[in-house]
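Order of listing sets the numbers, starting from 1, for every ligand and every atom in it.
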Amino acid sequence: MNYLLKGVNLYLTGMMGVGKTTVGHLLAHQLGYGFIDTDDVIVKAAGKSINEIFTEEGEAAFRQLESDVLGQVCAYTKLTIATGGGIVLRRENWGYMRHGLIVWLDAPVQILLNRLGEDDTRPLLQDSDPEGKLYSLLQQRQPLYSQADLHITITDNQTPEEIATRIIEAIPRVLKTQHQN
Ligand SMILES: Nc1ncnc2c1ncn2[C@@H]1O[C@H](COP(=O)(O)OP(=O)(O)O)[C@@H](O)[C@H]1O
Ligand SMILES: O=C(O)C1=C[C@@H](OP(=O)(O)O)[C@@H](O)[C@H](O)C1
Ligand SMILES: [Mg+2]
């Protein structure tokens, strides 16, 4: 697999709660790649939580930090990068991610809700109707996620290890021509 990938970065995208951070970590390990989570880099650089950044500086400032981080990390190779669910919103982020392979992890809203129902670390879900919020975010973002190179559908009973293996098995089918030269 590493011979085929030639150090090309993998970007995991998809809705919050789908497992980008969890699966990305395992995927990096299986590939012998480094692992970066854009949210983690932002939190470390800002010295505050994602919730604090949203509350004190606003979503627009968070999105700028997110693009800045992506612009930095895309200069490196042999990385699996777990992005935040909203990375697909900015056109410039696609320009950065297109240098690698973009994977969309796609799960039904009910799975996301089950996983994040008790979680208070996602500022966009601190809403009186988290289910409705997830549906509206998905409706807005689905056309964007669908521009990924690889679409992996997640069901309830798959472990993160199984999902990482499925991604690895699917990669040869989607390696772009420019990456095979
Ligand atoms: N395949 C899975 N099966 C069960 N729980 C999972 C799975 N993948 C992730 N989770 C759990 O769902 C929650 C959200 O996962 P996370 O990796 O943070 O998602 P994301 O980074 O996409 O928001 C975490 O509590 C994580 O342990
Ligand atoms: O979907 C989003 O807009 C967000 C997703 C979060 O990351 P995860 O997708 O890793 O939960 C985090 O970046 C922030 O709370 C905003
Ligand atoms: Mg995450």
Side-chain angles (χ1 to χ4, degrees), residues 10-30 35-46 48-71 73 79-94 96-97 102-127 130-146 148 150-169:
L10 297 183
Y11 293 90
L12 297 188
T13 67
M15 288 287 285
M16 58 186 110
V18 77
K20 301 177 297 294
T21 300
T22 310
V23 172
H25 191 76
L26 295 167
L27 191 58
H29 186 71
Q30 288 193 32
F35 175 66
I36 286 179
D37 186 288
T38 54
D39 283 341
D40 284 351
V41 178
I42 292 168
V43 165
K44 285 191 184 106
K48 357 176 162 177
S49 69
I50 303 282
N51 274 330
E52 286 168 336
I53 298 170
F54 268 70
T55 309
E56 293 169 20
E57 300 174 37
E59 179 172 351
F62 173 80
R63 297 294 171 210
Q64 186 57 51
L65 291 171
E66 193 169 51
S67 294
D68 293 345
V69 167
L70 198 62
V73 301
L79 292 177
T80 297
I81 297 139
T83 65
I87 205 103
V88 292
L89 295 170
R90 281 190 167 202
R91 189 186 298 267
E92 69 184 279
N93 295 344
W94 285 92
Y96 296 134
M97 294 194 293
I102 307 170
V103 180
W104 172 24
L105 300 184
D106 180 19
V109 163
Q110 279 312 315
I111 292 183
L112 309 176
L113 197 61
N114 289 344
R115 290 184 187 167
L116 297 181
E118 305 298 312
D119 191 306
D120 61 2
T121 63
R122 274 41 172 215
L124 294 177
L125 286 193
Q126 306 313 299
D127 191 281
E131 182 177 8
K133 183 74 184 188
L134 280 169
Y135 275 113
S136 82
L137 286 173
L138 182 58
Q139 191 182 27
Q140 178 197 15
R141 295 174 179 179
Q142 200 157 24
L144 301 168
Y145 292 136
S146 68
L150 187 57
H151 181 188
I152 302 284
T153 305
I154 310 282
T155 56
D156 224 351
N157 48 7
Q158 288 172 322
T159 65
E161 288 80 3
E162 286 168 339
I163 296 162
T165 301
R166 280 180 59 209
I167 296 170
I168 288 175
E169 286 171 357

*Asks:* N/O of Thr121 under 3.5 Å from N/O of ligand 2, yes or no?
*Replies:* no

*Asks:* Tell me whether Gly85 has any N or O atom under 3.5 angstrom from an N or O of ligand 2.
*Replies:* yes

*Asks:* Can you see which heavy atom on Ala46 is nearest to which on Ile53, and at what distance?
*Replies:* CB-CD1, 3.8 Å

*Asks:* Write out the residue and atom name of the closest protein heavy atom to atom 1 (N) of ligand 1, then the distance separating them to 0.1 Å.
*Replies:* Gln158 O, 2.9 Å

*Asks:* If every non-hydrogen atom of Tyr11 is compared with every non-hydrogen atom of Tyr96, which pair is closest and at what distance?
*Replies:* OH-O, 4.0 Å

*Asks:* Return yes if some donor-acceptor pair links the side-chain N/O of Lys20 with the main-chain N/O of Asp37 below 3.5 Å, else return no.
*Replies:* no

*Asks:* Among all protein non-hydrogen atoms, which one is nearest to atom 18 (O) of ligand 1, and what is the separation to 0.1 Å?
*Replies:* Arg122 NH2, 3.0 Å

*Asks:* Quick test of your reading of the structure: of Met15, Arg122, Arg63, whose heavy atom lies closest to atom 3 (O) of ligand 2?
*Replies:* Arg63

*Asks:* Kindly identify the option in Glu162, Arg115, Glu118 whose heavy atom sits closest to atom 6 (C) of ligand 1.
*Replies:* Arg115

*Asks:* Any non-hydrogen protein atom below 4.0 Å of atom 15 (O) of ligand 1?
*Replies:* yes

*Asks:* Only heavy atoms count here, so choose which of Thr22, Thr83, Ile163 is nearest to atom 26 (C) of ligand 1.
*Replies:* Thr22

*Asks:* For atom 1 (O) of ligand 2, find the nearest protein heavy atom and state the residue, atom name and distance (0.1 Å precision).
*Replies:* Arg141 NH1, 2.7 Å

*Asks:* Considering non-hydrogen atoms of the protein only, which is the closest contact for atom 15 (O) of ligand 2, and what is the distance?
*Replies:* Pro123 CD, 3.4 Å

*Asks:* So, 4.0 Å and heavy atoms of Pro160: is ligand 1 close enough to count as a contact?
*Replies:* yes

*Asks:* Give the atoms of ligand 2, by number and element, whose distance to some non-hydrogen atom of Leu124 is under 4.0 Å.
*Replies:* 2 (C), 3 (O)

*Asks:* Among Thr22, Ile50, Val18, Leu138, whose heavy atom sits nearest atom 14 (C) of ligand 2?
*Replies:* Ile50

*Asks:* Hey, is Glu66 close enough to Arg90 for a salt bridge, meaning N to O under 4.0 Å?
*Replies:* no

*Asks:* With the threshold set at 4.0 Å, does a side-chain nitrogen-carboxylate oxygen contact exist between Glu162 and Arg166?
*Replies:* no

*Asks:* I'd like to know: is the Mg ion (ligand 3) within the 2.8 Å range of an N/O/S atom from Thr21, strictly under that distance?
*Replies:* yes

*Asks:* Which atoms of ligand 1 have any heavy atom of Gly19 under 4.0 Å away?
*Replies:* 8 (N), 9 (C), 15 (O), 16 (P), 17 (O), 19 (O), 20 (P), 22 (O)

*Asks:* Where do Gln110 and Glu131 land on the side chain to side chain donor-acceptor pair (under 3.5 Å) test, with the steps shown first?
*Replies:* CA-CA 8 Å; Gln110 279 312 315; Glu131 182 177 8; 2.8 Å; yes

*Asks:* I need the atoms of ligand 2 closer than 4.0 Å to a non-hydrogen atom of Gly86, numbered in the order shown.
*Replies:* 1 (O), 2 (C), 3 (O)

*Asks:* Where is the nearest protein heavy atom to atom 21 (O) of ligand 1: which residue, which atom, and how far?
*Replies:* Thr21 OG1, 2.8 Å

*Asks:* Between Phe35 and His25, how do the two ring planes meet: parallel, tilted or perpendicular, split at 30° and 60°?
*Replies:* perpendicular

*Asks:* Identify, by atom number and element, the atoms of ligand 1 in contact range of Met15, meaning under 4.0 Å from any of its heavy atoms.
*Replies:* 22 (O)

*Asks:* Suppose we measure from atom 8 (P) of ligand 2 to each protein heavy atom; which comes out shortest, and what is that distance?
*Replies:* Lys20 NZ, 3.7 Å

*Asks:* For residues Thr153 and Asp106, is any side-chain donor paired with an opposing acceptor at under 3.5 Å?
*Replies:* no

*Asks:* Would you check, one step at a time, whether the test side chain to side chain donor-acceptor pair (under 3.5 Å) holds for Thr155 with Asn157?
*Replies:* CA-CA 6 Å; Thr155 56; Asn157 48 7; 3.1 Å; yes

*Asks:* Restricting to non-hydrogen atoms, name the atom on Lys133 and the atom on Leu125 that form the minimum distance, rounded to 0.1 Å.
*Replies:* CG-CD2, 4.1 Å

*Asks:* For ligand 1, which atoms, with element, lie under 4.0 Å from some heavy atom of Met16?
*Replies:* 23 (O)

*Asks:* So with a 6.0 Å cut-off around CD of Gln139, is the heavy-atom count from everything else above 12?
*Replies:* no

*Asks:* Is there at least one pair of N or O atoms, one from Leu116 and one from ligand 1, spaced under 3.5 Å apart?
*Replies:* no

*Asks:* Counting heavy atoms only, which of Asn51, Asp37, Asp39 is nearest atom 10 (O) of ligand 2?
*Replies:* Asp39

*Asks:* Do the non-hydrogen side-chain atoms of Met97 and Ile87 ever get within less than 4.5 Å of each other?
*Replies:* yes

*Asks:* Between Val73 and Leu79, what is the shortest heavy-atom contact and its length?
*Replies:* O-CD1, 3.8 Å

*Asks:* For His29, does the NE2 atom sit with more than 12 other heavy atoms under 6.0 Å from it, leaving out its own atoms?
*Replies:* no

*Asks:* With a 4.0 Å heavy-atom cut-off (strictly under), which part of Thr159 contacts ligand 1: side chain, backbone, both or neither?
*Replies:* backbone

*Asks:* To check you understand the geometry: which heavy-atom pair defines the closest contact between Trp94 and Val88, and what is its length?
*Replies:* NE1-O, 2.9 Å

*Asks:* What atoms in ligand 2 come closer than 4.0 Å to a heavy atom of Phe62?
*Replies:* 13 (O)

*Asks:* Heavy-atom contacts with Gly84 under 4.0 Å: which atoms of ligand 2 show up? List them by number with element.
*Replies:* 7 (O), 9 (O), 13 (O)

